[in-house]
Amino acid sequence: MWTPFPELDEVLRQLVSGVAGVLGSNLVGIYLQGSFALGEADEWSDVDWLVVTGEQVGEPERPALDALHRRLFLIPDRWAQHLEGSYIDRELLRTPDPARTKLLFLDHGSQELARDDHCNTSYVRWTLREHGISLAGPHPKELVDPVPADVLREEARARTREWVDWACSLQVMNAWQQPYIVISLCRVLWTAEHGTVVSKRAAGEWAVDALDSEWTALIRRALDERPDPVARWHRPATAEAVERTLEFVRYASSARS
């Protein structure tokens with residue numbers, strides 16, 4: 001109904017029912033964004049969602065929501081462990097938030113909420129408005145104003161710095177992080193160039209043709225290493241891959257500084 005995966009749709013139905021049961025009249029809508037909204041999700045994708053509320057969800061509602069997400073995590077289907085998303089009130093969602101206010105956020109693989117600004121970005125607002133899938137509630141364009149290209153480009157420049165800092169801080173880069181950094185930076189470079197958002201795969205394919213040819217092999221390998229991300233998390237990246245990735249990080253930083 002919502003995705004190409006019937007088992008995932010059942011998990012999402014339970015998410016919608018559970019959230020509605022906790023929030024009641026405060027619920028405005030529940031949406032898919034991220035790779036499913038952009039049309040390039042596969043069996044390895046996270047399931048990025050956003051719950052929009054009338055009033056900000058606070059600590060009084062948190063125990064019931066934590067209990068809900070613990071129950072959902074225990075559903076005997078792998079998709080239940082791939083849910084990732086945030087709760088945001090309608091007023092805050094309407095336009096980009098320069099302060100990056102921390103929201104109640106469920107990280108991939110987590111069973112309880114934490115405060116994080118992960119979903120409070122212009123990227124998420126653009127993707128939601130232009131491609132979001134409504135699981136419940138009005139069309140996303142009723143909730144999010146158009147996100148200007150210059151705002152996305154400015155955020156891309158800031159995100160480049162964040163990626164550089166994170167990549168350089170890793171004492172050991174594993175075989176999941178290494179290609180993830182490469183493709184994520186391709187996506188940032190796409191947004192800095194075009195002022196829109198595309199999937200990681202689309203950005204990687206663009207970068208193969210658009211960036212200096214010395215990076216073609218690195219990007220192509222990152223695109224090809226998509227399957228079985230969990231297994232790769234527990235395996236260190238090769239020294240050569242780490243060195244080339246850090247060189248690419250520096251290249252991306254200088255290209256958009």
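A quick note: this is a predicted structure, and the numbers were derived from the prediction, not measured. Note that the numbering runs from 1 along the sequence shown for the chain.
Linking ILVMFWY side-chain heavy atoms closer than 4.5 Å, directly or via other members, places Leu113 and Tyr31 in two distinct hydrophobic clusters. Hydrophobic clustering, with ILVMFWY side chains joined whenever heavy atoms are under 4.5 angstrom apart, keeps Ile88 apart from Val151. By the criterion of side-chain heavy atoms lying less than 4.5 angstrom apart, applied directly or through intervening Ile, Leu, Val, Met, Phe, Trp or Tyr residues, Phe36 is not grouped with Phe105; the two fall into different hydrophobic clusters. In the hydrophobic clustering of this structure, Val52 does not group with Val16; members are Ile, Leu, Val, Met, Phe, Trp, Tyr whose side-chain heavy atoms approach within less than 4.5 Å, directly or through other members. Taking hydrophobic clusters as Ile, Leu, Val, Met, Phe, Trp and Tyr residues chained together by side-chain heavy-atom distances below 4.5 Å, Leu143 does not share a cluster with Val147.
Using a distance-only test at 3.5 Å, with no hydrogens or angles considered, a donor-acceptor pair links the side chain of Asp42 to the main chain of Ser45. Side-chain N or O atoms of Arg201 include one that pairs as donor or acceptor with a backbone N or O of Leu223 at under 3.5 Å. Checking side-chain atoms of Ser17 against main-chain N and O of Gln14 turns up no donor-acceptor pair under 3.5 Å. Between the side chain of Gln81 and the main chain of Phe73, a donor-acceptor pair closer than 3.5 Å is present.
Aromatic rings from Trp163 and Tyr180 are positioned such that their centres are separated by under 6.0 Å. In this structure, Trp49 has its ring center closer than 6.0 angstrom to the ring center of His69. Residues Trp176 and His234 keep their aromatic ring centres 6.0 Å or farther apart.
Val197 places a side-chain heavy atom less than 4.5 Å from the side chain of Arg187. Contact annotation: the side chain of Ile219 approaches that of Cys186 to within less than 4.5 Å [non-hydrogen atoms, C-beta and beyond]. Looking only at side-chain heavy atoms (C-beta outward), Leu93 and Leu128 come within less than 4.5 Å of each other. Taking 4.5 Å as the limit, some side-chain heavy atom of Leu185 sits within range of a side-chain heavy atom of Ile181. Looking only at side-chain heavy atoms (C-beta outward), Asp117 and Thr101 stay at 4.5 Å or farther from each other. Using a 4.5 Å cut-off on side-chain heavy atoms (C-beta onward), Arg129 and Pro146 make contact. Between Thr191 and Glu155, every side-chain heavy-atom pair lies at or beyond the 4.5 Å cut-off. For the pair Leu92 and Leu103, the minimum side-chain heavy-atom distance is below 4.5 Å.
Note on Arg159 versus Glu162: no salt bridge recorded, every NZ/NE/NH1/NH2 to OD/OE distance being 4.0 Å or above. Using a 4.0 Å cut-off between charged side-chain N and carboxylate O, Arg221 and Asp224 make no salt bridge. Ion pair Glu205/Lys200 not flagged as a salt bridge, since none of the NZ, NE, NH1 or NH2 atoms sits closer than 4.0 Å to an Asp/Glu carboxylate oxygen.
The side chain to side chain contact (heavy atoms under 4.5 Å, CB included) with Tyr87 is formed by just one residue from the set Leu104, Ile30, Leu50; it is Leu104. Tested against Leu38 for a side chain to side chain contact (heavy atoms under 4.5 Å, CB included), the candidates Asp48, Thr127, Leu32, Val198 yield a single pass: Thr127.
With rounding to the nearest 0.5 angstrom, the CZ atom of Arg125 is 6.0 Å from the CG atom of Asp97. A distance of 12.5 Å separates OG of Ser253 from CZ of Arg157, quoted to the nearest 0.5 Å. A distance of 11.0 Å separates CG in Asp165 from OG1 in Thr160, rounded to the nearest 0.5 Å. Separation of atoms CG (Leu135) and CE (Met1) is listed at 8.0 Å; rounding is to 0.5 Å. Note that CZ of Phe248 and CG of Leu211 are 5.5 Å apart. Values are rounded to the nearest 0.5 Å. With rounding to the nearest 0.5 angstrom, the NE2 atom of His139 is 10.5 Å from the CD1 atom of Ile133.
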Show me the donor-acceptor pairs, under 3.5 Å and distance only, between side chains in residues 237-246 and residues at least two apart or in other chains.
from   : atom 1 : to     : atom 2 : distance (Å)
Thr238 : OG1    : Ala241 : N      : 3.1
Arg244 : NH1    : Glu247 : OE1    : 2.6
Arg244 : NH2    : Glu214 : O      : 2.8
Thr245 : OG1    : Gln178 : NE2    : 2.9
Thr245 : OG1    : Ala241 : O      : 2.7

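The two residues Pro140 and Gly132 make their nearest non-hydrogen contact at CG-O, 4.0 Å. The minimum heavy-atom distance between Gln33 and Cys119, with the atom names listed, is NE2-SG, 4.4 Å. The shortest non-hydrogen separation linking Trp126 to Leu152 is CD1-CD1, 3.5 Å. Looking at every heavy atom in both residues, Arg232 comes nearest to Ala175 through NH1-O, 2.9 Å. The two atoms that bring Val22 and Ala64 nearest to each other are CG1-CB, 3.9 Å, heavy atoms only. Summarising the geometry of Val188 relative to Ala156, their closest heavy-atom pair is CG1-O, 3.2 Å, with the distance given to 0.1 Å.
Between Trp206 and His194, the ring planes lie perpendicular to each other; the angle is over 60°, past the 30° to 60° tilted range.
In the displayed structure, Glu7 atom CD is contacted under 6.0 Å by more than 12 heavy atoms of other residues, nucleotides or ligands.
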Candidate pair Lys141 and Glu130, rule side chain to side chain contact (heavy atoms under 4.5 Å, CB included), full reasoning: CA-CA 7 Å; Lys141 288 187 176 180; Glu130 303 302 329; 4.2 Å; yes
Go through the steps for Val57 and Val51 under the test side chain to side chain contact (heavy atoms under 4.5 Å, CB included), then give the verdict. CA-CA 10 Å; Val57 175; Val51 171; over 6 Å; no
Verify side-chain hydrogen bond (donor to acceptor under 3.5 Å, both in side chains) between Trp190 and Thr196, making sure each step is shown before the conclusion. CA-CA 8 Å; Trp190 164 279; Thr196 61; 3.1 Å; yes
Side chain to side chain contact (heavy atoms under 4.5 Å, CB included), that's the test. Do Asp116 and Asp107 meet it? Break it down for me. CA-CA 9 Å; Asp116 201 288; Asp107 198 2; over 6 Å; no
For Asp77 and Glu10: C-alpha separation, side-chain torsions, deciding distance, then whether side chain to side chain contact (heavy atoms under 4.5 Å, CB included) applies. CA-CA 10 Å; Asp77 188 280; Glu10 177 55 34; over 6 Å; no
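Sorted by first then second residue, the side chain to side chain donor-acceptor pair (under 3.5 Å) pairs that include residues 52-61, not counting sequence neighbours, are Glu59-Arg62, Glu59-Arg115.
Side-chain contact annotation: Ser134 with Trp2, donor-acceptor N/O pair under 3.5 Å absent.
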